[in-house]
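Below is one structure; the comments refer to it alone.
Each ligand, and each atom within it, is numbered from 1 in the order the structure gives. Residue numbers run from 1 in the order of the sequence given. All figures in this text were calculated on a predicted structure; none of them were measured in a lab.
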Amino acid sequence: MIEAPAGKIDVDRFRARHEAMAAIGATGRGGIDRQALTEAEIEARALVIGWARLRGYALSVDPIGNLFIRRPGRGGGFAPVLAGSHLDSQPNGGNFDGVYGVLAALEVLEALDDGGIETDRPIEVVVWTNEEGARFQPTTMGSAVYVGALPLQQALAVRGRDGVTVSEALACMLRKLPHCADRALATPLHAYVEAHIEQGPILESARRKIGVVLGIQGLRQYAVTVEGTEAHAGTTPRLRRRDAFVAARRIAAEFDRVATDAKDIARLTIGRFDVSPGTTNTIPGKVTMTVDVRHPDEHELERLDRAIREICRERAQPCSASIETLLTSRTVNFATSVVDAVREEAARLGHGALDIMSGATHDAAFLARLCPTGMIFVPCRDGVSHNEAEYTSLENMVAGVEVLAGVVQRLSRREAGVGA
Ligand code: GLV
Ligand code: MN
Ligand code: MN
């Protein structure tokens, strides 16, 4: 038990919950497959809801399935301070990305209860829907819809590779979970804070426990479709072929070329590449690929956007290529008020901290459009994430919970002139 002005953090409770979560969707290789709105993610949400109900916290769900758990404030109708993250994972995901931030936020609520601490403002935990974008594209769907950056109807109509739409998956989830009240999208928030593993190597290399996150680099995600003509593999001469795979390989190589810079700052990933019809003896008539591009400088992202479109126009012949933008998330600089609170709490607790820009994206990128927002990072081993080997120590996680508790408590003061 850690006695702190921000409540009584129960390390054993936190560890037990983290272990319980790791069993849900476990792959048997040390990681998890808990993609958005699958049986496993619904089970993980049910577990969190069960813990929240034992405390009597109020539960609500918005139209895109984001789940909110509310510990009331002293009253007066103040907008809440929100903290949380996501429970969904990549198909071969780790046990820390997302789930850590949700459990950290829940621990803060209970630590306040156990410490007998009242706050002026309500404090809420959020579980965002489909942060990963692995089953349903795009990434950070729930927060994008919450703040109005992605139309709800567009998100609900998205179909996953398994043929199920977001709307159908949400209906299935609501049938399986205990009843929660309705919550409107864009309900005003005073501030948002998210604890997360860094997912990169910087904090570990610098031997710091806490990352004071200054912002998140910009991200664009696209779906590129290359169309050719299906034909017989054995009889069609080269000059008559319109092989979509050959054109897609050329396009992909060009994408890599324009995203290669001397300082190694730009990031371009083709994470999905589907060749159709996918038989050994038919020339492919269609290729679809996803392209994920990131850069901290918006001008560079614009340049890359233009280059990618030009490559699709110019390099597809004799096939054709079209491009659809799935997600635009601009580079975000977090609110000074929240960043300073994270830095000061880390210092007060004696945790070595480092200012850091996030290479990964997070729901916090969209929340920053709605209210003052910040993030707290803890290191992860070898910077590995989106991998079953993802790991951070209990000690690191608890340090992040302590900082989160302090920051949330500060922001929950009525006079804290941050947001709504
Ligand atoms: C989040 O998972 C990201 O893609 O950065
Ligand atoms: Mn995450
Ligand atoms: Mn992730």
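When only modelled atom types and interatomic distance are considered, N95 and E390 share no side-chain donor-acceptor pair under 3.5 Å.
Classification of E302 and R220 as a salt-bridged pair holds, one side-chain N sitting under 4.0 Å from a carboxylate O.
Put simply, H362 stays out of reach of the Mn ion (ligand 2), with no N, O or S atom under 2.8 Å from it. Here H386 reaches the Mn ion (ligand 3): one of its N/O/S atoms is less than 2.8 Å from the metal.
A centroid separation of less than 6.0 Å is found between the aromatic rings of F377 and H362. The aromatic ring centres of H18 and F96 sit less than 6.0 Å apart.
The aromatic rings of Y146 and F68 sit tilted, their planes meeting at an angle between 30° and 60°.
Taking the Mn ion (ligand 3) as the corner point, the angle from E132 atom OE1 to D97 atom OD2 is about 130° (rounded to 10 degrees).
Put simply, the residue from D97, N130, T140, N66 that forms a side chain to side chain donor-acceptor pair (under 3.5 Å) with H86 is D97.
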For ligand 1, which of its N or O atoms have a protein N or O partner closer than 3.5 Å, and how long is each gap?
residue  : atom  : partner : partner atom : Å
ligand 1 : 2 (O) : E132    : OE1          : 3.0
ligand 1 : 2 (O) : H386    : NE2          : 3.2
ligand 1 : 4 (O) : R294    : NH2          : 2.8
ligand 1 : 5 (O) : R294    : NH1          : 2.7
ligand 1 : 5 (O) : R294    : NH2          : 3.4
ligand 1 : 5 (O) : T361    : N            : 2.7

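Both tests hold for R249 against F245: distance to the six-membered ring centre under 6.0 Å, angle to the ring axis within 45°.
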